Novice: 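Below: one structure in structure tokens.
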Amino acid sequence: MRNLMALMYYLCALFGCSVGGTTIEHHSIVDGIDIVDSRVRISERIARFECKASRSGQCHYSLFRSDCPTAAPASGAAADAAAAARCAQAPVERFALAAGATREIVGVAAGFKVCVSEDDGAVKADCKPQQP
């Protein structure tokens, strides 16, 4: 089914049909050197990840659930604490792409959060490094 959906989107694009979507750009430069340059294009339930450049030669992606808070819960409510505990765990998916490579994932959850970095270190849902 996932492959059939991907084929339908490909055919629509081939004939010039646009299905809308969102683009997430992440570009970090230090002293004129690309640390990481990435683009994620999301349309319907297909996400296309493109690693344009990375100082390490790879872009490392971490995907998190959409209901993960970006900051610690302020109210202290049990529901907020449960969501924070669930999101403190490992990302839903982690992978790396070589600079210049792309990857498509069909059937991604709507509204997922993506973090990208030049190194393989673990990150939290707010994209900050996890403390050991």
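This structure is a prediction, so every number in the text was calculated from the model and none was measured. Heavy atoms only: backbone and side chains are in, while hydrogens, waters and symmetry mates are out.
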Novice: Can you tell me how far apart CG (Asp119) and OG (Ser54) are? Round to the nearest 0.5 Å.
Specialist: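 Answer for the CG-OG pair, Asp119 versus Ser54, is 8.5 Å.
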Novice: Taking Asp126 for the side chain and Lys128 for the main chain, is one N or O donor matched with an acceptor at less than 3.5 Å?
Specialist: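 Pair found, side chain donor or acceptor close to backbone of Lys128.
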Novice: Heavy-atom distance under 4.5 Å between the side chains of Arg103 and Ile105, does that happen here?
Specialist: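 A side-chain contact under 4.5 Å exists here.
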Novice: Nearest 0.5 Å, please: how far is CD1 in Ile35 from NE2 in His26?
Specialist: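 Output value for this atom pair is 10.0 Å.
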Novice: Do the rings of Phe112 and Phe49 sit parallel, tilted or perpendicular, given the 30° and 60° boundaries?
Specialist: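 The rings of Phe112 and Phe49 sit tilted, inter-plane angle from 30° to 60°.
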Novice: Quick one, Arg94 and Asp120 - any side-chain contact, counting heavy atoms below 4.5 Å?
Specialist: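 They are in side-chain contact.
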Novice: Should Val114 and Ile24 count as side-chain neighbours, where that means a heavy-atom distance under 4.5 Å?
Specialist: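 Contact flag for Val114/Ile24 side chains = yes.
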Novice: Holding to side-chain hydrogen bond (donor to acceptor under 3.5 Å, both in side chains), I want the full list of residues that pass it with Thr22, two or more places apart in sequence or in another chain.
Specialist: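 For Thr22 there are no side-chain hydrogen bond (donor to acceptor under 3.5 Å, both in side chains) partners, ignoring immediate neighbours.
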Novice: Is there side-chain contact between Val123 and Ser62, with at least one heavy-atom pair below 4.5 Å?
Specialist: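 A side-chain contact exists here, since the closest heavy-atom pair is under 4.5 Å.
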Novice: Checking Arg55 now: which residues fulfil side-chain hydrogen bond (donor to acceptor under 3.5 Å, both in side chains) with it, not counting sequence neighbours?
Specialist: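 With sequence neighbours excluded, Arg55 shows a side-chain hydrogen bond (donor to acceptor under 3.5 Å, both in side chains) to Glu118, given in chain and number order.
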Novice: Which atoms form the tightest heavy-atom contact between Asp37 and Cys59, and what is the distance?
Specialist: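 Nearest heavy atoms, Asp37 then Cys59: O-SG, 4.2 Å.
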Novice: Between the side chains of His27 and Asp34, is a donor N or O closer than 3.5 angstrom to an acceptor N or O?
Specialist: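 Their side chains do contain a donor-acceptor pair, which is all the 3.5 Å distance test asks for.
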Novice: For the hydrophobic clusters of this structure (ILVMFWY residues joined by side-chain heavy atoms under 4.5 Å, transitively), does one cluster hold both Val92 and Tyr61?
Specialist: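 No; Tyr61 is not reachable from Val92 via cluster members.
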Novice: When rounded to the nearest 0.5 angstrom, what is the spacing between NE2 in His60 and SG in Cys115?
Specialist: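 Going from the NE2 atom of His60 to the SG atom of Cys115 covers 13.5 Å.
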Novice: Does a side-chain heavy-atom distance below 4.5 Å link Ser38 with Cys51?
Specialist: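 Side chain of Ser38 against side chain of Cys51, heavy atoms only: no contact under 4.5 Å found.
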Novice: At their closest point, which heavy atom of Pro91 faces which heavy atom of Leu63, and how far apart are they?
Specialist: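 That would be CB-O, 3.2 Å.
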Novice: Is any side-chain heavy atom of Glu50 less than 4.5 Å from a side-chain heavy atom of Glu25?
Specialist: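 Not in contact.
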